[in-house]
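Because the structure is a prediction, the values reported are computed rather than measured. These numbers come from the heavy atoms of this one structure, side chains and all, not from hydrogens, waters or symmetry mates.
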Amino acid sequence: MAPLATTTVLSTASAASVGVASAGSGGNRRQRTLVIGHRGASGYRPEHTLASYELAARLGADFVEPDLVPTRDGVLVCRHEPEIGGTTNVADHPEFASRRATKILDGVPTTGWFTEDFTLAELKTLRAKERLPAVRQENTIYDGRFEIPTFTEVLELRQRLSRELGREIGVYPETKHPTYFQKAGLPLEQRLVDALRRHGLNNQSAPVFVQSFETKNLGQLRGLGLRTALVQLLSATGAPFDLVDAGDPRTYADLSTPAGLRQIASYANGIGPEKTQVIPWAADGTLGTPTALVADAHAAGLVVHPYTFRAENSFLPADYRRGTSPNDFGRAIDEQVRYLKAGIDGLFTDQADIGVIARDDASAKPSGSA
């Protein structure tokens with residue numbers, strides 16, 4: 001499945017200029033709806049590779065999203081999880097067989113190979129592979145071609161592509177499992193702030209959002225001097241692990257209430273909810289009616305960037321699917337238009353070109369209008 005041809009690509013606004021500082025200011029709130037390349041262009045290339053990030057930018061993404069985990073020698077690298085058995089060829093390296101281990105990751109026993117048990121030099125001997133080969137068989141032709149990138153390499157790519165494409169490409173890093181890594185003696189926060197400072201990106205107008213599913217580390221980042229926009233990730237189920245670990249009974253559902261959103265607004269600039277928190281699926285699997293989440297978040301002064309929009313039928317509501325194959329593309333543009341018209345400020349998508357087209361469609365004036 002080749003990327004869709006993109007329509008007009010507008011230049012990216014900075015994080016500050018998309019309404020972060022004025023999310024509740026009525027008609028002036030939203031200046032731009034963002035297309036965020038989820039793990040790059042992970043619908044077309046193995047996720048969290050430089051090739052994936054670059055393709056997302058070339059397809060029109062305003063931001064690319066690297067998930068950050070540390071190596072044993074303290075370098076931030078881009079992987080969806082610290083366990084890399086499913087996203088690299090580490091199992092094919094007999095010299096690393098003894099590194100396979102079972103660890104408790106956010107309360108869940110997890111077996112595999114973990115980035116914190118490898119130096120950067122060792123990780124650079126591995127190659128990425130497609131995480132969902134049964135769904136995205138086309139992506140498997142790239143297995144073994146790409147290295148695990150460092151966060152620094154992503155920031156350098158961002159700078160190069162911004163110059164080449166003539167528009168600012170933003171970065172939207174996620175701190176993965178911060179409590180786990182703090183307890184392992186490899187905290188992410190200072191390393192992230194230092195990397196942004198080195199690249200001139202630690203300021204309020206920088207095209208940067210920093211996100212986390214946990215709550216306390218966002219405050220810690222502020223305490224370390226981070227000046228970019230912050231986003232609290234949410235989920236339709238469960239609770240932030242830092243709260244669970246501390247015995248705090250609050251859940252993501254609690255954080256998603258008007259009172260919870262006002263509390264988030266005391267330390268963050270936006271929320272990243274699961275998309276079904278914005279428009280849930282009905283009992284028959286079809287797309288339902290929007291909730292009050294967007295309006296409540298905007299009332300609290302927060303922007304809303306839901307995740308994750310994917311084109312395959314298996315990820316779409318029943319009434320947006322085409323054909324019978326779960327891996328074929330369905331009516332992904334139409335689905336995203338529905339969400340955009342519900343007032344969201346941006347969206348995470350595995351296929352950035354689809355997000356660009358949906359944004360154009362959602363913002364187009366009706367035929368015959370002035």
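- Of the possible donor and acceptor atoms, one in the side chain of Arg321 sits under 3.5 Å from a partner among the backbone N and O of Asn313.
- Residue Phe241 is not grouped with residue Leu68 when hydrophobic side chains (ILVMFWY) are merged at heavy-atom distances under 4.5 angstrom, including chains of intermediate members.
- One finds the CG atom of Asp350 at 7.0 Å from the CD atom of Glu312 (value rounded to the nearest 0.5 Å).
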Practice prompt. Any chance you could lay out the side-chain contact (heavy atoms from CB on, under 4.5 Å) test for Glu153 and Cys78, step after step, and finish with the verdict?
Written response: CA-CA 10 Å; Glu153 288 171 331; Cys78 306; over 6 Å; no

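- Across all non-hydrogen atoms, the minimal contact from Leu123 to Ile84 is CD2-CD1, 3.8 Å.
- Residues Leu105 and Val90 share a single hydrophobic cluster, defined by chaining ILVMFWY side chains whose heavy atoms lie under 4.5 Å apart.
- Using a distance-only test at 3.5 Å, with no hydrogens or angles considered, a donor-acceptor pair links the side chain of Arg222 to the main chain of Leu226.
- Contact check for His48 versus Val77: no side-chain heavy atoms found under the 4.5 Å cut-off.
- Without hydrogens or angle criteria, Arg127 side chain to Lys124 main chain gives a donor-acceptor distance under 3.5 Å.
- Between Arg338 and Arg331 the shortest side-chain heavy-atom distance does not fall below 4.5 Å.
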Practice prompt. Show the numbers, then the answer: is there a side-chain contact (heavy atoms from CB on, under 4.5 Å) between Val171 and Val64?
Written response: CA-CA 5 Å; Val171 289; Val64 296; 4.3 Å; yes

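- Not a single donor-acceptor pair under 3.5 Å links the side chain of Arg39 to the backbone N or O of Asp67.
- Arg145 CZ: 12 or fewer foreign heavy atoms inside a 6.0 Å radius.
- Residues passing the side chain to side chain contact (heavy atoms under 4.5 Å, CB included) test with Thr286, sequence neighbours excluded: Ala282, Asp284, Ala318, Asp319.
- Looking at heavy atoms from C-beta onward, Ser235 lies in side-chain contact with Glu274 at the 4.5 angstrom threshold.
- Trp113 and Phe146 fall into different hydrophobic clusters, defined by Ile, Leu, Val, Met, Phe, Trp and Tyr side-chain heavy atoms under 4.5 Å apart, directly or through other members.
- The shortest heavy-atom contact between Ala311 and Ile354 is CB-CD1, 3.6 Å.
- Under the 4.5 Å side-chain criterion, counting only non-hydrogen atoms from C-beta, Thr111 is in contact with Arg100.
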Practice prompt. Show your working on side-chain contact (heavy atoms from CB on, under 4.5 Å) between Leu126 and His93 and close with a plain yes or no.
Written response: CA-CA 8 Å; Leu126 306 179; His93 285 250; 3.7 Å; yes

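- The aromatic rings of Tyr44 and Phe329 lie tilted to each other, with the angle between the two planes from 30° to 60°.
- The shortest non-hydrogen separation linking Pro306 to Val278 is CB-CG2, 4.2 Å.
- Looking at Val154 and Leu50, their side chains come closer than 4.5 Å, going by heavy atoms from C-beta outward.
- Hydrophobic clustering of Ile, Leu, Val, Met, Phe, Trp and Tyr side chains at less than 4.5 Å, counting indirect connections, unites Leu120 with Phe114.
- For the atom pair CG of Leu218 and CD1 of Ile264, the computed distance is 9.5 Å after rounding to the nearest 0.5 Å.
- In this structure, the side chains of Arg191 and Phe181 stay at 4.5 Å or more apart for every pair of heavy atoms.
- Atom CG of residue Leu224 and atom CD of residue Glu189 lie 7.0 Å apart, to the nearest 0.5 angstrom.
- Under a hydrophobic-cluster definition in which Ile, Leu, Val, Met, Phe, Trp and Tyr are linked whenever side-chain heavy atoms come within less than 4.5 Å, directly or via other members, Leu132 and Ile141 are assigned to different clusters.
- When all heavy atoms of Phe63 and Val208 are compared, the pair lying nearest together is CE2-N, 3.8 Å.
- Side-chain N or O atoms of Asn217 include none that pairs as donor or acceptor with a backbone N or O of Gln220 at under 3.5 Å.
- One distance of note links CZ of Arg58 with CD1 of Ile169; it measures 9.5 Å at 0.5 Å rounding.
- For the residue pair Gln211 and Tyr307, no side-chain donor N or O sits within less than 3.5 Å of a side-chain acceptor on the partner.
- Considering CD of Gln159 and CG of Leu161, their distance stands at 10.5 Å, rounded to 0.5 Å.
- Of the residues Tyr320, Phe315, Phe348, Tyr339, the one that meets the ring pair (Phe, Tyr, Trp, His ring centres under 6.0 Å) test with Phe309 is Tyr339.
- In summary, of the residues considered (Arg72, Lys103, Arg99), a salt bridge (Lys or Arg N to Asp or Glu O under 4.0 Å) with Asp117 occurs for Lys103 alone.
- The two atoms that bring Ala195 and Leu155 nearest to each other are O-CD1, 3.8 Å, heavy atoms only.
- Thr110 contributes a side-chain N or O that, together with a main-chain N or O of Val108, makes up a donor-acceptor pair within less than 3.5 Å.
- By the 4.5 Å heavy-atom criterion applied to side chains, Val294 and Ile344 are counted as neighbours.
- We find the CD-CD1 distance between Glu335 and Ile279 to be 8.0 Å, quoted to the nearest 0.5 Å.
- Judged by distance alone, with hydrogens and angles left aside, the side-chain atoms of Tyr252 form a donor-acceptor pair with the main-chain N or O of Phe213 at under 3.5 Å.
- Closest heavy-atom contact between Ala61 and Ala352: CB-CB, 3.9 Å.
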Discussion item. Using side-chain contact (heavy atoms from CB on, under 4.5 Å), reason through Asp248 and Thr215 one step at a time and then give a plain yes or no.
Written reply: CA-CA 11 Å; Asp248 188 319; Thr215 63; over 6 Å; no

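- In this structure, the side chain of Arg136 engages the main chain of Ser42 through a donor-acceptor pair within 3.5 Å.
- Using modelled atom types, one finds a donor on one side chain and an acceptor on the other under 3.5 Å when comparing Thr87 with Arg79.
- In summary, the side chains of His38 and Glu47 do not present any donor paired with an acceptor at a separation below 3.5 Å, with no hydrogens or angles considered.
- Taking the side chain as every heavy atom from C-beta outward, Pro178 and Asp242 never approach each other to under 4.5 Å.
- At distances below 3.5 Å, at least one donor-acceptor pair connects side-chain atoms of Asp143 with backbone N or O atoms of Glu130.
- Of the possible donor and acceptor atoms, none in the side chain of Thr119 sits under 3.5 Å from a partner among the backbone N and O of Asp73.
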